[in-house]
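Below, chains carry the letters A, B, ... as their sequence lines are ordered, and counting in each starts from 1. What you see is a predicted model; the values in this text were computed from it and never measured.
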Amino acid sequence: MDIFKHFTSIVTSEVEALAGAGRLPAGLPTGYAVEPPREVGHGDLTTNAALVLAKPARLAPRAIAELLAERLRGHADVASADVAGPGFINLRLQDAFWQRQLDAILAAGTAYGDSALGAGEAINVEYVSANPTGPLHVGHVRGAVYGDALANLLQKAGFAVTREYYINDAGAQVDALAHSTFVRYREALGEAVGPIPEGLYPGEYLQPVGAALAARDGRHWLDRPQSEWLEPIRAFAIDAMMAEVRRDLKELGVEHDVFSSERALHADGRVARALAALQAGGHVYTGILEPPKGKKPDDWEPRPQTLFRATAFGDDVDRPLRKSDGSWTYFAADIAYHHDKFTRGFRRMVDVWGADHGGYVKRMRAAVAALTGGAGTLDIKICQLVRVLRAGQPVRMSKRAGEFVTLAELIREVGADAVRFIMLTRKNDAALDFDLAKVLEQSRDNPVFYVQYAHARCCSVRRRSGGAIPSRTDPAMLARLGDSGELSLMRRLALWPRTVEAAAEAHEPHRIAFYLYDLTQEFHAQWNRGNDDPAVRFIVPEDEGLTQARLVLVEAVRMVIASGLAVMGVKPVEEMR
RNA sequence: GGACUCGUAGCUCAGUUGGAUAGAGCGCUGCCCUCCGAAGGCAGAGGUCGGAGGUUCGAAUCCUCUCGAGUCCGCCA
């Protein structure tokens, strides 16, 4: 149960009751909410109902607040209801109310915080979608972790989530991959190939691919013309790279449900069909674009092009659909891809892109709007750059020289859990520094350690209790939990369902990381009090009843940490080493 | 020239979708601890939210303008 929704509905029924008694006008709107107060000193809950209702009710906010507060005081869970400031109502709840929440948490386990928000609606989250021309590197990791955590989060919020990867296996880049692989193939067969030609991929990661091809086909392709080997070797290389990508992603804990091929979209006519649909809607025409101002390409020459009328849907210019040789642009294929997702039943789509694709957002949104007549929604989340720091110094990355930190290396160095956690400690659209030393530090300013440590401490309590965590609770037992630190932990736990929903709605999984940090901070603080004062320790040998109640609290904390980490895709640890 | 994202404490960043005295960590200052419930604890000082207007009962949050940083800008994907 989300306690804030619970009390919002109580306020609503009291407003109706007051209207029924003639003390408020009937038919007032319900734009108000019961929320946690920003200032803890203001109480447990606060509502702006009187402020929101003042205008439609044509009454002073404080007068409405007084009426409502009077009614709210009559509820058994409400300890006090005070009018404050311009007309807020601050509620304090009985300890028993908070204690009762522990029941709900223990009963639900890590399902506590699951929401019906999504109502089982299908949603497609597309992420990573890196070109199959090389191994994944740090530039891809953030999107991978963000997308995966978002998918987990949406699942927890009640959506039917499909995790999808779009393979850009068409176009010049995969042809270059095929040529590069052919060079490595010749090399594997003993030829002296010299330096890798300009325009091809020089990375050593293609050596094993060439060797594997040689092992499979022997010298078969050596004297054949390019027209014969290009396609089969391209397919071979793409398969090899995608196998590596999938293996690396699996190491990171990322597994997609669906891999969609761009090449297949072209091959089976889906591109042509999508574009025909766009054309039928009157969104395609032939025209001449203005050159971009301020950065005019040297070889610019005006020419008529097949254009999508993106400006009709909020974009700045209309966008080309065909290259000068008549083939489809990448954008055209991407339109077809989103059309395909929509026809597969996804009215809701999320794309996770890197910062360098920011300029592409408007046209894609425009295309989806045009294709679906507004029935499909596309949210595009941009992940800003990650700077990897070693000893406080940025690690230089040059793709051309082939020196970049790969995902596999990153995981080998600090572990998948640390990688995932750190990637979620920033909002997706803010730049992120990844300090390789800091993530392994055992201190409070390393959130990975801090949160894991809290979970380990919970497990430690459980171990030392000898497995004596009560499976059932009763109000009398939980009534022993009256310490201020215990109560603020209970209040924090009650924020979890609300945190999940808000994060899911905003598509912001980083909020989970921040919540966990706050929760564990309070847990550690309570633990530390036990260092000085044995009476507030979780295990009090001379008081079994109190210990039982506290074990319930600790177990509830552990479950919420574990379910938060599950959303982040981080494994909770039982002990620190 | 334009588009997009970001400007919040000395530093790195949150900010519950417009609420009441803007939060956390680091750093700084002070006090306490040296305890395996280890990998420190507690407390304090410190920002008017880049700047200027506007909307609102109420703005870090929405609008306009402006300054600064990053990313991007036909036929690459």
Selection: residues 169-178 of chain A, any non-hydrogen atom under 4.0 Å of RNA chain B: A/A170, A/G171, A/A172, A/Q173
Could you give the [atom1]-to-[atom2] distance, from [X] to [N], as a whole number of Å?
X: A/D429; N: B/A14; atom1: CG; atom2: C1'; answer: 13 Å
X: A/E35; N: B/G15; atom1: CD; atom2: P; answer: 15 Å
X: A/L519; N: B/A24; atom1: CG; atom2: P; answer: 17 Å
X: A/I512; N: B/U16; atom1: CD1; atom2: P; answer: 14 Å
X: A/H140; N: B/A77; atom1: NE2; atom2: C1'; answer: 11 Å

Between A/R558 and A/E555, does at least one N-O distance fall below 4.0 Å, as a salt bridge requires? yes
I'd like to know if A/E164 and A/K341 make a salt bridge, using a cut-off of under 4.0 Å between side-chain N and carboxylate O. no
Phosphate contact ([N] OP1 or OP2) by [X] side-chain N/O below 4.0 Å:
X: A/K438; N: B/G25; result: no
X: A/K427; N: B/C13; result: no
X: A/R426; N: B/G25; result: no
X: A/R263; N: B/A77; result: no
X: A/H357; N: B/C73; result: no
X: A/R444; N: B/G25; result: yes
X: A/Q521; N: B/G25; result: yes
X: A/K323; N: B/A77; result: yes
X: A/R38; N: B/G15; result: no
X: A/W527; N: B/C36; result: no

Counting only distance, no hydrogens or angles, is the base of [N] paired donor-acceptor with the side chain of [X] under 3.5 Å?
X: A/T133; N: B/A77; answer: no
X: A/Y517; N: B/A14; answer: no
X: A/D518; N: B/A24; answer: no

Are A/Y285 and A/D318 close enough that a side-chain donor and a side-chain acceptor fall under 3.5 Å? yes
Run A/L45 and A/I3 through side-chain contact (heavy atoms from CB on, under 4.5 Å) and show every step you take. CA-CA 10 Å; A/L45 304 173; A/I3 64 166; 4.2 Å; yes
Determine the contact category for [X]: base if any of its heavy atoms lies under 4.0 Å from a base atom, sugar-phosphate if only primed atoms, P, OP1 or OP2 are that close, otherwise nothing.
X: A/R319; answer: nothing
X: A/P320; answer: sugar-phosphate
X: A/N90; answer: base

A/E544 atom CD, neighbour heavy-atom count above 12 within 6.0 Å: no
Tell me whether the count of non-hydrogen atoms from other residues, nucleotides or ligands lying under 6.0 Å of NZ in A/K381 goes above 12. yes
Can you tabulate the close N/O pairs, meaning under 3.5 Å, that link protein atoms to atoms of nucleotides 55-57 of chain B?
from  : atom 1 : to    : atom 2 : distance (Å)
B/C57 : OP1    : A/K55 : NZ     : 3.2

Given the side-chain rings of A/F421 and A/Y450, with only the six-membered ring counted for Trp, is the space between their centroids under 6.0 Å? no
Pair A/T30, A/V11 - check side-chain contact (heavy atoms from CB on, under 4.5 Å), show working. CA-CA 10 Å; A/T30 58; A/V11 169; over 6 Å; no
Syn or anti: how is B/U17 classified when any glycosidic angle within 90° of 0 counts as syn? syn
Which base, if any, makes a Watson-Crick or G-U wobble pair with [N], both distances under 3.5 Å?
N: B/C62; result: B/G54
N: B/G70; result: B/C4
N: B/C26; result: B/G10

Between the base of B/G19 and the ring of A/F88 - centre-to-centre under 5.5 Å, planes within under 30° - is that a stack? no
Using atom C1' in both nucleotides, what's the gap between B/G18 and B/A60 to the nearest angstrom? 11 Å
For a quick test of reading the model, state the closest non-hydrogen atom pair linking A/H455 to A/V573 and the distance between them. ND1-O, 2.8 Å
Taking it one step at a time, do A/E501 and A/K5 satisfy salt bridge (charged side-chain N to carboxylate O under 4.0 Å, His left out)? CA-CA 12 Å; A/E501 282 200 0; A/K5 287 182 185 168; 2.8 Å; yes
